[in-house]
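Each residue takes its place number in the sequence, starting with 1. The model shown is predicted, which means the values in this text are computed figures rather than measured ones.
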Amino acid sequence: MGRTYLVVTFGVGLGALNTGNNLLYLVLGLLLSVIILSGVLSERCLKDLSVRRIGTEGAFAGEPFAFRWGITRKRGHAFALTLSEVDSPLTGEGGVGYLPAGAEHVVRADLTAPRRGPVKLSGVRVTTTWPLGLFAKTRVFALEGTLLVYPRRGFACEDPLDAAVGHVGEANNPRRMDGTGDMAGLKELGEHEDARRVHWMKSASAGKLLKVEREREERRTFILDVKTGLAGDVLERRCEEVAAQAHRLLEAGHEVGLELPGTRLRPGAGSGQERGILRALAWLGFEEQREEAA
């Protein structure tokens with residue numbers, strides 16, 4: 001729209017100079033006045049703004065992740081605002097078409113980080129080209145922060161070799177009858193037991209409700225590691241492989257620990273353990289920045 005407007009303005013100006021028509025001069029003056037007014041309105045859209053960084057729940061290298069900012073305007077209205085992180089390797093931006101006064105608007109963007117590790121954030125850039133797209137007015141809000149990018153999500157070619165150190169916890173007996181493994185037998189359904197386990201064909205022939213008993217699946221403990229001395233692409237590939245193995249083993253119900261140069265994570269299960277492993281892998285090789293951030 002802005003380019004079209006400028007082309008029209010240039011054409012009218014050229015016609016006014018060649019013909020000396022007063023009406024064309026009048027139209028040219030009006031068009032030039034609108035250009036000045038557009039710059040003033042764009043500048044006003046960036047006044048009385050406040051921005052806070054909400055962040056993301058998890059960022060993986062090489063793939064888009066949801067990132068959020070909260071933006072508020074004290075007075076008046078703002079239009080066509082775009083937000084992005086300034087001076088960072090993150091790509092992508094979010095936008096809001098209309099921002100009323102007094103209410104915080106959460107802007108969501110799909111950002112992408114090129115590599116694993118901590119990313120220093122120094123500020124948020126807010127830009128608008130409203131109303132005609134002739135000027136791109138920008139304001140930078142200084143907001144210090146650190147975004148920790150997890151290893152790229154991929155796949156592991158094979159499970160760790162003989163990394164199991166034995167059965168753990170209450171899962172040490174795979175013959176327990178409250179699991180989801182192979183069928184072990186039938187038993188009469190109790191008063192308050194789950195009816196979803198009822199074997200209806202056997203119950204019909206026996207004349208009473210019989211539930212299916214299944215073996216509890218075996219849970220084991222694995223210790224994953226990253227050897228000392230790895231660097232560059234070899235280190236990145238190993239981190240991705242360990243992250244993929246940890247995810248697969250934890251999803252299967254096993255406990256997973258981690259050994260890194262100078263760091264050891266005790267075995268555990270669940271999504272919290274996976275998040276801890278991903279954080280440890282993300283800081284690997286960036287220990288100096290971790291100390292500065294602490």
Identify whether [X] and [Y] are in the same connected component of the hydrophobic contact network (ILVMFWY, side-chain heavy atoms under 4.5 Å).
X: Leu121; Y: Val86; answer: no
X: Leu41; Y: Leu32; answer: no
X: Val12; Y: Ile35; answer: yes
X: Ile54; Y: Val51; answer: no
X: Leu90; Y: Phe286; answer: no

#### Entry: Greater than 12 external heavy atoms within 6.0 Å of Tyr98's OH
yes

### Query
Is atom CZ of Arg108 surrounded by more than 12 heavy atoms (other residues, nucleotides or ligands) closer than 6.0 Å?
yes

For the residue pair [X] and [Y], establish whether any side-chain heavy-atom pair is separated by less than 4.5 Å.
X: Asp233; Y: Arg237; value: no
X: Phe79; Y: Pro131; value: no
X: Leu81; Y: Leu99; value: yes
X: Val119; Y: Leu148; value: no
X: Leu111; Y: Leu147; value: no
X: Val124; Y: Val140; value: no
X: Thr72; Y: His105; value: no
X: Ser50; Y: Ile71; value: no

### Message
Apply side chain to side chain contact (heavy atoms under 4.5 Å, CB included) to residues Glu93 and Leu83 and explain how you reach the verdict.
### Response
CA-CA 6 Å; Glu93 62 181 22; Leu83 286 82; over 6 Å; no

Return yes if some donor-acceptor pair links the side-chain N/O of [X] with the main-chain N/O of [Y] below 3.5 Å, else return no.
X: Ser205; Y: Lys202; result: yes
X: Arg238; Y: Asp225; result: yes
X: Arg73; Y: Lys47; result: yes
X: Gln273; Y: Val256; result: yes

Considering all heavy atoms, the nearest [X]-[Y] contact:
X: Glu57; Y: Arg275; result: O-NH1, 3.0 Å
X: Asp87; Y: Arg125; result: N-NH2, 4.5 Å
X: Leu30; Y: Tyr5; result: O-OH, 4.4 Å
X: Ala206; Y: Leu210; result: CB-CD1, 3.9 Å
X: Thr112; Y: Pro64; result: OG1-CA, 3.8 Å
X: Ala16; Y: Tyr25; result: O-OH, 3.3 Å

#### Entry: Residue that, paired with Tyr150, satisfies side chain to side chain contact (heavy atoms under 4.5 Å, CB included) out of Leu278, Leu281, Ile277
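Filter result, single survivor: Leu278.
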
### Message
So if I apply the side chain to side chain contact (heavy atoms under 4.5 Å, CB included) rule between Val126 and each of Val107, Thr82, Leu46, Val96, which one comes out positive?
### Response
Leu46

### Query
Is any NZ, NE, NH1 or NH2 atom of the basic residue among Arg52 and Glu104 found under 4.0 Å from an Asp or Glu carboxylate oxygen of the other?
yes

#### Entry: Ion pair Glu63/Arg152, N-O distance below 4.0 Å
no

Nearest 0.5 angstrom please: [X] [atom1] to [Y] [atom2], how far?
X: Leu235; Y: Leu284; atom1: CG; atom2: CG; value: 5.0 Å
X: Glu274; Y: Arg279; atom1: CD; atom2: CZ; value: 13.5 Å
X: Glu255; Y: Leu250; atom1: CD; atom2: CG; value: 9.0 Å
X: Ser38; Y: Leu132; atom1: OG; atom2: CG; value: 4.0 Å
X: Phe141; Y: Arg53; atom1: CZ; atom2: CZ; value: 12.5 Å
X: Ile36; Y: Leu31; atom1: CD1; atom2: CG; value: 11.5 Å

### Task
Can you label the angle between the Phe222 ring and the His254 ring as parallel, tilted or perpendicular, going by 30° and 60°?
perpendicular

### Message
Does the plane of the ring in Phe67 sit parallel, tilted or perpendicular to the ring in Phe65? Use 30° and 60° as the thresholds.
### Response
perpendicular

### Message
Assess the residue pair Arg116 and Glu236 against the criterion (salt bridge (charged side-chain N to carboxylate O under 4.0 Å, His left out)); give the C-alpha distance rounded to whole Å, side-chain angles, the decisive distance to 0.1 Å, and a yes or no.
### Response
CA-CA 8 Å; Arg116 171 189 65 88; Glu236 297 300 320; 2.8 Å; yes

### Task
Show the numbers, then the answer: is there a side chain to side chain contact (heavy atoms under 4.5 Å, CB included) between Val242 and Val226?
CA-CA 8 Å; Val242 169; Val226 177; 4.0 Å; yes

### Message
If we count only N and O atoms by modelled type, under 3.5 Å, do the side chains of Ser42 and Thr128 hold a donor and an acceptor together?
### Response
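Short answer, no.
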
### Query
Do the side-chain N and O atoms of Trp69 and Glu85 include a donor-acceptor pair separated by under 3.5 angstrom?
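Note: Trp69 and Glu85 side chains meet the donor-acceptor criterion.
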
